[in-house]
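Here is the structure we will look at.
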Number of protein chains: 2
Amino acid sequence: MGRPVLTDEQVEDFRARACEVAMQLFVDEGYEGFTLRALAKELGCSHATPYRYFAGKPGIFAAVRAQGFVRFGSFLRQRLEGETVPIERVRILARAYFDFSVEQAAAFTIIFEMGQPLPDEPETSREAGRDAWSVLYGVIAEAVDAGALEGEVNELAHTMWAGIHGVATLHLASKLAMGRDAEAMLTSMTDALIRAHQPRGKS
Amino acid sequence: MGRPVLTDEQVEDFRARACEVAMQLFVDEGYEGFTLRALAKELGCSHATPYRYFAGKPGIFAAVRAQGFVRFGSFLRQRLEGETVPIERVRILARAYFDFSVEQAAAFTIIFEMGQPLPDEPETSREAGRDAWSVLYGVIAEAVDAGALEGEVNELAHTMWAGIHGVATLHLASKLAMGRDAEAMLTSMTDALIRAHQPRGKS
DNA sequence: CGCCAATCCTTGACGCCGTTAATTTAACGT
DNA sequence: ACGTTAAATTAACGGCGTCAAGGATTGGCG
C-alpha cells in the first residue's frame, strides 16, 4: 500500500537546505523581517511546503538556532587549533567568541537573542549549546590545571563567558561606540578577568 | 483661520499614555507579539489614530525605547541614593543594573535588544542613553578619584558596563542556569573586575 | 446665529503575513 | 492498469501595518 515515500535522507536534505537559506535570509534582512513565504520562494517551493518539514515558523527558528549553535562550536574549535599555551588559548577563545558575533552576526543573534528557546526546543539544540559551552569550559579548565589561572573552574568559566558576551552584545547593539572601539574593549575585558584570577604572588 | 487645535500638552499626554500602555503590552506579550491594533484598542481609539502621533510602528518603538532609557537612568540613580562609600556605590550600581534587567525586563530588552536604534531615532533617546551612561561613568570616576580603583576611567567604566551587561543578558536569555545562579554570577563578576583594578599593593 | 475652514479621527481598503483545509499531482504495490 | 496514499500546490481565513478618503468637530468671522 505504500506509494511515494521520501527517503529520510531526502527529508534531511530539504531541512538542511531550508536552514541554510533561512540563515542567509536572516543575514540579509534581519530575523525580524524573515518571512516563511520568502523562504519558500527562495527554496523554489510553495509557501505551504515547509509545513511538512517544520512545525511552522517557530519550528524553523528552532532548527536554525540549532544550526547556529553547531556553527558556533565549530568556529571556536577551529580558531583554537594550533595553539597549545593554555593562557593564550583563553585569549584566542575570547577573540573567537567576539569575532563570531561580528562575522556571523545573524547566527549569533539567533542563538542568544530572539527570545528564549521554546519549551519544545529539539534536543539537538540544547546539545549543541552544551557543546559550545564545553569548549569554553575546557579551555578555562586547562588554564587552571596549568596554573595560569586560579579559582573554581565553573565560576571562572561563567565569569569569562559573561564578560566576553557583554562586550559582544553591547557592540552588536552599537552601544559601544562611545569613544572606545570594540577591539580595545575586548582586550581590556580579557586582561582584566585574567588579571583578577592570577595565581597569588603576581601583579 | 485656525479652528480645533490640540494643545501641545494634550498631544504629549496622548504620547505618554500610549507609551505607557505599549510598555505594558510588551510586558504582557513580549515585544515580538506587540501589535499596533492592540495598542489602539487598549487606548480606546481607532487603529489608525496612533499614526497622528507616531511615525508608524517604528516610531512607537523608538518612543518606548526613549522612555525605557529614562526609567533606567532613574532606577539607577534611585538605588544609589544614600550610599556614599565610592566602592560600595560601584557594587550597588552593578546590582541595580542587574535588578533592572530582571524587574523591568521589557524595558531592558527594548533598550538593548530589538535591533539597533533607527537612524531617525529622536534626540531624546540618545540623550537618555547618555544620561544612564553618565551615571555609570560618574560612579566609576568617583571610585577612581577616591583611590578605590585604579585605571583609566573611560576604559574602566566600559569594562564594568560590559561585564555587568553580559551577566544580565545571559541571564535574560536563560542561558545562565547551568549550575550557577545569576546572583552569584553577578557577585563574581563585580568582585573580579574590582579586584582586577585594585590599586597596586593589595591582594 | 450660521457658515466656513482647518483639524482630528474613523472607516475602508490594499498587500502581505502565518496558518490550515481542500485539492491536485505523482509514484508505488498489486 | 489502477486504486491507494504520500507529497505538493492552491485557495482561503483572519490579522497585521499602512495609507487614502471621508465623516465629525470645533473655532473664527460675517
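The basis for the numbers below is simple: all heavy atoms, side chains too, and nothing from hydrogens, waters or symmetry mates.
Nearest nucleotide to the A:K57 side chain, out of D:dA11, D:dT18, C:dG18: C:dG18. For B:L36, taking side-chain heavy atoms from C-beta onward, the closest of the listed nucleotides C:dT11, D:dG17, C:dC17 is D:dG17. Set against C:dC8, C:dG18, C:dT10, the side chain of A:T35 has C:dG18 as its closest nucleotide. If you check C:dC9, D:dC16, D:dT18 against the side chain of B:Y51, the one that comes closest is D:dT18. Comparing C:dT10, C:dA21, D:dA8 by their closest approach to the side chain of A:A48 singles out C:dA21.
If you check distances only, the side chain of B:R37 does reach the base of D:dG17 with a donor-acceptor pair under 3.5 Å. For A:R52 against D:dA8, a side-chain N or O and a base N or O form a donor-acceptor pair under 3.5 Å. If you check distances only, the side chain of B:H47 never reaches the base of D:dG15 with a donor-acceptor pair under 3.5 Å.
In this structure, the separation between CD on B:Q67 and SG on B:C19 is 5.0 Å, given to the nearest 0.5 Å. We find the CD1-CD distance between A:I92 and A:E81 to be 11.0 Å, quoted to the nearest 0.5 Å. Between atom CZ of residue B:F26 and atom CD1 of residue B:I110 there is a gap of 4.5 Å, rounded to the nearest 0.5 Å.
Put simply, OH on A:Y31 is 18 Å from C1' on C:dG18, counting in whole angstrom units. Separating the CG atom of B:L39 from the C1' atom of D:dC16 is a distance of 14 Å, rounded to the nearest angstrom. Distance CD (A:E32) to P (D:dG17): 13 Å, rounded to an integer number of Å. The separation between A:E29 atom CD and C:dC16 atom P is 14 Å, rounded to whole Å. When the C1' atom of C:dA26 is taken as reference, atom CD of A:Q10 falls 14 Å away, rounded to whole Å. Going from atom CG of A:L25 over to atom P of C:dG18 covers 11 Å, rounded to whole Å. Atoms CZ (B:F54) and C1' (D:dT18) sit 16 Å apart, rounded to a whole Å.
The environment of A:E20 atom CD is sparse: at most 12 non-hydrogen atoms of other residues, nucleotides or ligands sit within 6.0 angstrom.
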Given A:F72 and A:Y97, is the ring-ring contact (aromatic ring centres under 6.0 Å, His included) satisfied, shown in steps?
CA-CA 8 Å; A:F72 191 36; A:Y97 194 109; 5.1 Å; yes
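Using a 4.0 Å heavy-atom distance criterion, B:F14 is classed as making no nucleic acid contact.
Between A:Y53 and the phosphate of D:dA8, there is a side-chain N or O to OP1/OP2 separation shorter than 4.0 Å.
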